[in-house]
Amino acid sequence: MRKINFSKLNGQGNDFILIDSTNELINLSKEKIIEMCGRHFGIGADGLILVKNSDTYNLKMDYYNKDGSVSEMCGNGIRCMAKFAYDRKLIESENIEIETLAGVKNIFLDVKNGRVGDIMVNMGVPDFQAVNIPVKIEGIEEVFNYKIKINSKYFHINCVSVGNPHCVIFLDKNDDLNDFPVQKWGPIIENYKIFTNKVNVEFVKIKNSKSLDMRVWERGVGETLACGTGSCAATVAAIKLKKITSKNVTVNLKGGNLNIIWKPEELNVYLKGKVGYTFDGVYFL
């Protein structure tokens, strides 16, 4: 019986299966990924990452959602991958480049006494062009504060790509984020007709001028405890709409906090936070 060694890591509770595919090429079917990510009969995870060699950069990330679908990028996932690679000595530098379907990402590891602390990722330049996200609305170039009606309920949506598509929704002052029916509206908006490649959905409450509270419904996953790209998208949207004034923002999620830094004049957005190492194991195919 074939077996695969794996590690389980998490970014603020957003958890991933990491598999070293640098020495042995590992290919997994969609069905096998779903099985491995299952929380009752599998390992349990929000996603699975194959760590591969890159012809040009330090490493390459192949990322899969728990439903077996491919995703272009995952902010928490790539931070977990960086820690995994450093701890496994697949890399030696504290500043590395990882190839993804959303382009090359620069990662900076804060290492003290051989231990990895905060990990920061240059997530690149947020894209607001509807055609690139993609969002299909006739005659609209950027989708900000755009009202849609779904099942008699109105939402004001704000759309941005951070390597993958996001729809940010700011809740009203009277809405309670903890009680908001994310499980109801998340999948409906994810699959709404204007999102031709589906979408990640962030439900956000402004806490103060430099802090957001957020719950997230991830495309192909469901509600997760945290989302790195979603935190970037929410922060960028809040700054663009002048809902917050700070360019160094704390995003409070169910699984913990992430730090997002975006200065529009400098273009790139940065994601920073710690990564947890959960356990290592062997999976029998």
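Judged by distance alone, with hydrogens and angles left aside, the side-chain atoms of Arg79 form no donor-acceptor pair with the main-chain N or O of Gly11 at under 3.5 Å. A donor-acceptor pair is defined here as one N or O able to donate and one able to accept, closer than 3.5 Å; no such pair exists between the side chain of Asn106 and the backbone of Glu97. No donor-acceptor distance shorter than 3.5 angstrom exists from the side chain of Asp67 to the backbone of Val221, with no hydrogens or angles considered. Checked by atom type and distance alone, the side chain of Gln12 pairs as donor or acceptor with a backbone atom of Lys274 at under 3.5 Å. Checking side-chain atoms of Asp175 against main-chain N and O of Asp172 turns up a donor-acceptor pair under 3.5 Å. Looking at Ser29, its side chain does come within 3.5 Å of a backbone N or O of Lys32 through a donor-acceptor pair. Formation of a donor-acceptor pair under 3.5 Å by the Asp176 side chain with backbone atoms of Asn178 is found in this model.
Summarising the geometry of Ile96 relative to Ala82, their closest heavy-atom pair is CD1-CB, 4.1 Å, with the distance given to 0.1 Å. Heavy atoms only, all atoms of each residue included: Ala226 and Glu218 are closest at O-OE2, 3.4 Å. Closest heavy-atom contact between Pro126 and Leu267: CD-O, 3.3 Å. The minimum heavy-atom distance linking Gly228 with Asn76 is given by the pair N-ND2, 3.2 Å. Looking at every heavy atom in both residues, Ala234 comes nearest to Met214 through CB-SD, 3.6 Å. Heavy-atom minimum distance, Cys227 versus Leu258: O-CD1, 4.1 Å.
No path of Ile, Leu, Val, Met, Phe, Trp and Tyr side chains, each step under 4.5 Å between heavy atoms, connects Ile150 with Phe170, placing them in separate hydrophobic clusters. Tracing side-chain contacts under 4.5 Å through hydrophobic residues (I, L, V, M, F, W, Y), one never reaches Tyr64 starting from Leu9; they form parts of separate clusters. Linking ILVMFWY residues whenever their side-chain heavy atoms come closer than 4.5 Å, directly or via other members, places Val168 and Leu212 in the same cluster. Under the 4.5 Å side-chain heavy-atom criterion for grouping Ile, Leu, Val, Met, Phe, Trp and Tyr, Leu59 is not connected to Ile26 through any hydrophobic cluster. A continuous path of ILVMFWY side-chain contacts below 4.5 Å connects Met73 to Val160, so both sit in one hydrophobic cluster.
Counting only heavy atoms from C-beta outward, the side chains of Ile19 and Ile4 approach each other to under 4.5 Å. A heavy-atom distance below 4.5 Å is not found between the side chains of Glu190 and Cys167. Using a 4.5 Å heavy-atom threshold, the side chains of Leu48 and Ile43 count as separate. The shortest distance between side-chain heavy atoms of Ile107 and Ile98 falls below 4.5 Å. With a 4.5 Å cut-off on side-chain heavy atoms, Leu253 and Leu225 do not count as touching. No side-chain heavy atom of Val249 sits under 4.5 Å from any side-chain heavy atom of Trp262. Counting heavy atoms from C-beta on, the side chains of Trp217 and Gln183 come closer than 4.5 Å. Ser7 is listed as a side-chain neighbour of Arg88, based on a closest heavy-atom distance under 4.5 Å.
Side chains of Tyr63 and Thr100: no donor on one and acceptor on the other come within 3.5 Å. Side-chain contact annotation: Asn5 with Asp280, donor-acceptor N/O pair under 3.5 Å absent. Under the 3.5 Å distance criterion, with hydrogens and angles disregarded, a donor-acceptor pair is assigned to the side chains of Asn164 and His166.
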Requested in this report: Please lay out, stage by stage, how Asn132 and Ser161 fare under the test side-chain contact (heavy atoms from CB on, under 4.5 Å).
Outcome: CA-CA 8 Å; Asn132 296 332; Ser161 173; 5.9 Å; no
Requested in this report: Please step through salt bridge (Lys or Arg N to Asp or Glu O under 4.0 Å) for the pair Glu266 and Lys247, ending with a clear verdict.
Outcome: CA-CA 11 Å; Glu266 296 177 12; Lys247 305 300 188 289; over 6 Å; no
Query - Verdict with supporting geometry, Phe195 and Ile157, side-chain contact (heavy atoms from CB on, under 4.5 Å) - result: CA-CA 12 Å; Phe195 300 113; Ile157 63 172; 4.2 Å; yes
Query raised in the report: Should Phe108 and Asp110 be marked as a side-chain contact (heavy atoms from CB on, under 4.5 Å) after you check the CA-CA gap, both sets of side-chain angles, and the distance that decides it?
Result: CA-CA 7 Å; Phe108 310 92; Asp110 182 14; over 6 Å; no
Query raised in the report: Checking side-chain contact (heavy atoms from CB on, under 4.5 Å) for the pair Glu223/Lys254: CA distance, chi angles, key distance, verdict?
Result: CA-CA 10 Å; Glu223 185 174 9; Lys254 279 190 168 184; 3.3 Å; yes
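Summarising the geometry, atom CD belonging to Gln129 is positioned 5.5 Å from atom CD belonging to Glu142; distances are rounded to the nearest 0.5 Å. Residue Asn248 holds its CG atom at 11.0 Å from OG of Ser211, rounded to the nearest 0.5 Å. Taking CD1 of Ile78 as the start and CE of Met61 as the end, the distance is 4.5 Å to the nearest 0.5 Å. With values rounded to the nearest 0.5 angstrom, Phe279 atom CZ is found 5.0 Å from Phe6 atom CZ. In this structure, NZ on Lys173 lies 10.0 Å from NZ on Lys205, to the nearest 0.5 angstrom. The line from CG of Asn208 to CG of Asp213 is 8.5 Å long, rounded to the nearest 0.5 Å.
Other residues, nucleotides and ligands place more than 12 heavy atoms under 6.0 Å from the CD atom of Glu265. The neighbour count for Phe41 CZ, taken as heavy atoms of other residues, nucleotides or ligands under 6.0 Å away, does not exceed 12. The number of heavy atoms from other shown groups lying within 6.0 Å of OH (Tyr57) does not exceed 12.
Only one option out of Lys66, Arg219, Arg39, Lys8 pairs with Asp46 in a salt bridge (Lys or Arg N to Asp or Glu O under 4.0 Å); it is Arg39.
Note: Trp185 and Phe203 fail the aromatic proximity criterion, with ring centroids not under 6.0 Å apart.
Remark: Thr22 pairs with Asp20 by the side-chain hydrogen bond (donor to acceptor under 3.5 Å, both in side chains) rule, at least two apart or across chains. Looking at residues two or more places apart in sequence or on another chain, you find a salt bridge (Lys or Arg N to Asp or Glu O under 4.0 Å) between Glu24 and Arg2. Under the rule for a side-chain hydrogen bond (donor to acceptor under 3.5 Å, both in side chains), the partners of Lys83 that lie at least two apart in sequence or sit in another chain are Asp87.
In this structure, Lys272 is not positioned above the aromatic face of Tyr270 in the sense of NZ or CZ being under 6.0 Å from the six-membered ring centre and within 45° of the axis.
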